[in-house]
2 protein chains.
Amino acid sequence: MQNVLESGGASAASGLTERQGAVLEQALRLLVDGGEKALTTAGIARAANCSKESLYKWFGDRDGLLSAMISYQASKVRTLDVSAGALDAEGLRRHLVAFAKDLLAVLAGDVSLALNRLAIGQASREGSKLGHMLQERGRRQIGRRAGALLEAGRKAGLLVFHDAEEAYGALYGLIVSDWHLRMLLGEEPGEMKKGFSRRAERAVDAFLSLYGKKG
Amino acid sequence: MQNVLESGGASAASGLTERQGAVLEQALRLLVDGGEKALTTAGIARAANCSKESLYKWFGDRDGLLSAMISYQASKVRTLDVSAGALDAEGLRRHLVAFAKDLLAVLAGDVSLALNRLAIGQASREGSKLGHMLQERGRRQIGRRAGALLEAGRKAGLLVFHDAEEAYGALYGLIVSDWHLRMLLGEEPGEMKKGFSRRAERAVDAFLSLYGKKG
DNA sequence: CTCCATCAGTACCGTACGGTACGGTTCGCG
DNA sequence: CGCGAACCGTACCGTACGGTACTGATGGAG
């Protein structure tokens, strides 16, 4: 997640120069540390050792900078596709548990929480481009991985469902419940992370009990 | 939820005068309409036909006013206790479905969404009193109703679980999934509300399939 | 009627932020 | 070397907000 060192990296993928990516990195760090209120153009310029003029030249506007931050962060997250060849019951369970743990880890991450808070705060005013973007690039991405996993399970005769979206919704709800919102509201995530592993297994057990064959 | 007409109402319960309650009502309306950015002290004073000086005299501070708004709104929501005498399977299911529909309706409400956005936006900076307060007065309240319902179901031999908190978490997750977050991010709630009824029943079916006696 | 408390309305102040303009510096290129 | 582009640092401007001070009106108590 912090690998700025890779040449090109996430910057090239979005048509950004390396320097601009580094600036966005600093902006994300500012956002994580101090919240939206601390995310001033002057602060970003100071933290990134660049000038405000450059910020406006590169991103046009404060909103453009915010959008670029979300876009940049999303471009760093790549969901590994599961090679679902020859899946047995135990393998499916392991994959589901891994997915659950990854999901909880991602949602509990500093940057994810900060960006979600930012987008939610901006969601009230008309436009709400950020919320839509976060939704599209974040959830849709991880949803694809889950969808592929569920479809593979069904093809292997291990899962039974007629609506993949509904099954995914149940899986998501069983895993996350209201933990995401609680973390967004400021509950200390350190205490929560301890129970994540057990929570992931419990959720997958329940999900398999609902949608597993002869379950 | 909108019954401001009751004499005294939520104001008296919180040690507020009727006038102060009306001011908070206008503040909530401003927040719902325009988001946190529109919630300025001058705007509240203008909307409520009062002076800024009175605002500061009554609530001390802008944060105090925000806290008062959450406290005031929470004091208006009363969870009806279920008289759980003689519960059969069909009755339990009906109660659960009613709870699910109420939960979805509350979470999708304008005021709830606006207050959650406000608290989440404020959660980053140290203190995060609002998030904690919303958590305590909101979730804990509705969680009690669910807890009583679940306990009654177990006592009637209709539900089997060893950890009420875990069962409630599963119920909540199955009902809400990621819909709350999506609405907080600005997704149009109008389109969602149509499916709430069916969603509530599906969720309760799944929950009963997990925790109902004999499968 | 007089006194006093409360409150609306407004003017005011300090601050902080978004956005712009300008001087000085580095660096690549002909 | 000369030139221009990119850019850093900073100063600057307009605006908007939080919070305070003042004035005048209202209304109840003695």
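Letters A, B, ... mirror the listed sequences (proteins, then strands); counts begin at 1.
Which of D:dC8, C:dA8, D:dC7 sits closest to the side chain of B:Cys50 comes down to C:dA8.
Side chains of A:Arg62 and A:Thr41: a donor-acceptor N/O pair is absent below 3.5 angstrom, by distance only. When only modelled atom types and interatomic distance are considered, A:Lys129 and A:Ser67 share no side-chain donor-acceptor pair under 3.5 Å.
The pair B:Asp63-B:Arg125 meets the salt-bridge criterion, since a charged nitrogen lies less than 4.0 angstrom from a carboxylate oxygen. Under 4.0 Å is where a charged nitrogen must lie from a carboxylate oxygen, and between A:Arg198 and A:Glu201 no such pair does.
For B:Arg19 and C:dT6, the CZ to C1' distance is 12 Å, given to the nearest whole Å. As a whole-Å value, the separation of A:Leu55 CG from D:dC8 P is 8 Å. Rounded to an integer number of Å, the gap from CD of B:Gln26 to P of C:dA8 is 13 Å. Atom CD1 in A:Ile44 sits about 18 Å away from atom C1' in D:dT10, given to the nearest Å.
Under 4.0 angstrom from either OP1 or OP2 of D:dA6 there lies no side-chain N or O belonging to A:Trp58. One finds no side-chain N or O of A:Ser54 lying less than 4.0 angstrom from the OP1 or OP2 phosphate oxygen of D:dA6.
Under a 3.5 Å cut-off, the side chain of B:Arg199 and the backbone N or O of B:Ile175 do form a donor-acceptor pair.
In this view, B:Ile142 and B:Phe99, B:Leu103, B:Tyr168 satisfy the side-chain contact (heavy atoms from CB on, under 4.5 Å) rule, not counting sequence neighbours.
Residue B:Arg29 qualifies as open at atom CZ: its count of foreign heavy atoms under 6.0 Å is 12 or below.
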Per-nucleotide protein contact string for nucleotides 11-29 of chain C, where B marks a base within reach and S marks sugar-phosphate only (heavy atoms under 4.0 Å, - for neither): ------SBBB-B-------
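Across its full length, the helix from C:dC1-D:dG30 to C:dG30-D:dC1 shows an angle of 10° between the axes of its 5 terminal pairs at either end, rounded to 10 degrees.
For the pair B:Arg202 and B:Phe207, the minimum side-chain heavy-atom distance is 4.5 Å or more.
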